[in-house]
Amino acid sequence: MSLLQLKNISKVYHLGSDEKEQVLTNINLEISQGEFVYILGPSGCGKSTLLNIVSGLDSQYEGSLYFKDQLLSGRKDKFLTAYRKEQIGFVFQNFNLISHMSVLENVLIPMYLTKKSAKEKREKAIDLLTLVGLESQIEKNVTQLSGGQKQRVAIARALANDPEIIIADEPTGSLDSENQDSIMRLFQELNQQGKTVMIVTHNRDIVSYDQHVVELRDGQIIEEHQASETLQKVGENKVFSKIFLKWREGMKIAYANFIQRKWRNMMIALATAIGMTGILLSLGLGNGISTLIEKDFKAGKIPTQLQVMLGGQQGPGAILTSQDQKDLIKKIGQSKIEYFEPSFGLVAKNLEIEGFGTLNVSETMPNYAQTTSLYENTNIQVPVTTKKEIAAGKVYSNAKEEGVTVTTTFLKEFN
């Protein structure tokens, strides 16, 4: 029975606007149920790309891919994810085990996406570890294992959801010759049990030409050797289901990760807490200062005022009358007015300044002489209330006190 069919599969990587690389060209391949298939070829010939397409990891290609006569090409990601979860078991050269978990927990991970009970999952994981000869290592952390043992854990994990196809990408690349032979015997045993096994390799020493051998070169099949006999075990056509990781299982994985790196994670948590505390304090302090400033604004303690110039009027009559105030209230609105200050400026004609004499400034002095000496909040320092800023005269001491402040530069200019 045909398990996988690849028809005119081509793959191109676009490297830029005008540059592209042809990785696979018109691959036609049929893999039967229960076959042991070697994909053989040098590095860069397209072996791993072919496996990515077969496993549904890569959906951007030309041609057609069938699994048990069911078209996979053009399917949505959710469908292909379910296909990988239920039909494909991956074994990698660098194992891809989770270092902060035990041997048993690594094998359990794929089963978190199934509907089995916790007891069933554990029993299945122990059975698989017994199958690969690691029943005595189940509680060890995977970092305590040898390379051959890690690869056996990876194989047990690949079998967790009972897939029909085992895909191994350079599974012996990181192993010595003794472990290499042991792992290949294990794959042969799995094939004898009815699993379809696909091995990608550049190592001819592990290839058995009694099996189905496909040799690639420059993205094309240059030679294909069919197996003399294929063990076929017909499986049922599954409807791929959508099962997601349960929150309880996810929290368990996260907790295991935290415990494995607890000191580093605690330092990160402490740094995060300090950072968040600093941000909250900054926000609180900023909001508090803003509130105080706004309060002082509204109380008239800070010099924020609207100056009203009476157009065309000059001389002593240029002050706000009670009628002017009523007109302003009507124009602006009482709710927007905190208070009215007394007339803010006057026009001086003759000034008698101690030590300087009399000055006639009726036509030259601008209308800026300050008549209200202090703000209500006497903590606010202005030049006219600072002793070192006064050349002659006395410091204002009362917000109700009136007087005239004239700059020394003005006096020198008109002396």
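Residue Leu80 comes nearest to Ser59 through the heavy atom pair CD1-CB, 3.9 Å, listed as atom of the first residue, atom of the second, then distance.
Put simply, the side chain of Glu170 gets close to the backbone of His202: a donor and an acceptor are under 3.5 Å apart. Formation of a donor-acceptor pair under 3.5 Å by the Asn161 side chain with backbone atoms of Pro110 is found in this model. Side chain of Thr172 to main chain of Leu175: no donor-acceptor pair is present (N/O by atom type, distance under 3.5 Å, no hydrogens or angles). With hydrogens and angles disregarded, no donor-acceptor distance shorter than 3.5 Å links the side chain of Ser10 to the backbone of Thr25. At least one donor-acceptor pair under 3.5 Å links the side chain of Asn141 to the backbone N or O of Thr143.
Counting heavy atoms from C-beta outward, Phe36 and His212 have side chains that stay 4.5 Å or more apart. Taking 4.5 Å as the limit, some side-chain heavy atom of Ile165 sits within range of a side-chain heavy atom of Leu4. Counting heavy atoms from C-beta outward, Ile166 and Leu159 have side chains that approach closer than 4.5 Å.
The salt bridge (charged side-chain N to carboxylate O under 4.0 Å, His left out) search around Glu178 returns none, not counting sequence neighbours. In terms of the side-chain contact (heavy atoms from CB on, under 4.5 Å) criterion, residue partners of Ser102 (sequence neighbours excluded) are, by chain and number, Leu104, Glu105. Evaluation of the salt bridge (charged side-chain N to carboxylate O under 4.0 Å, His left out) rule for Asp58 yields Lys11 as partners, not counting sequence neighbours.
Within the cation-pi definition used here (under 6.0 Å to the ring centroid, within 45° of the axis), Lys121 does not qualify as a partner of Tyr112.
Aromatic ring centroids of Tyr83 and Phe67 lie under 6.0 Å apart.
Around atom CG of Asn94, more than 12 heavy atoms belonging to other residues, nucleotides or ligands sit under 6.0 Å away. In Glu139, the CD atom is crowded: over 12 heavy atoms of neighbouring residues, nucleotides or ligands sit closer than 6.0 Å.
When each of Leu108, Asn96, Leu129, Val91 is paired with Arg157, the side-chain contact (heavy atoms from CB on, under 4.5 Å) condition holds for Asn96 and for no other.
Taking 4.0 Å as the cut-off between side-chain N and carboxylate O, Glu223 and Arg217 do not count as a salt-bridged pair. Electrostatic pairing of Arg84 and Asp77 does not count as a salt bridge here, judged by no charged N lying under 4.0 Å from a carboxylate O.
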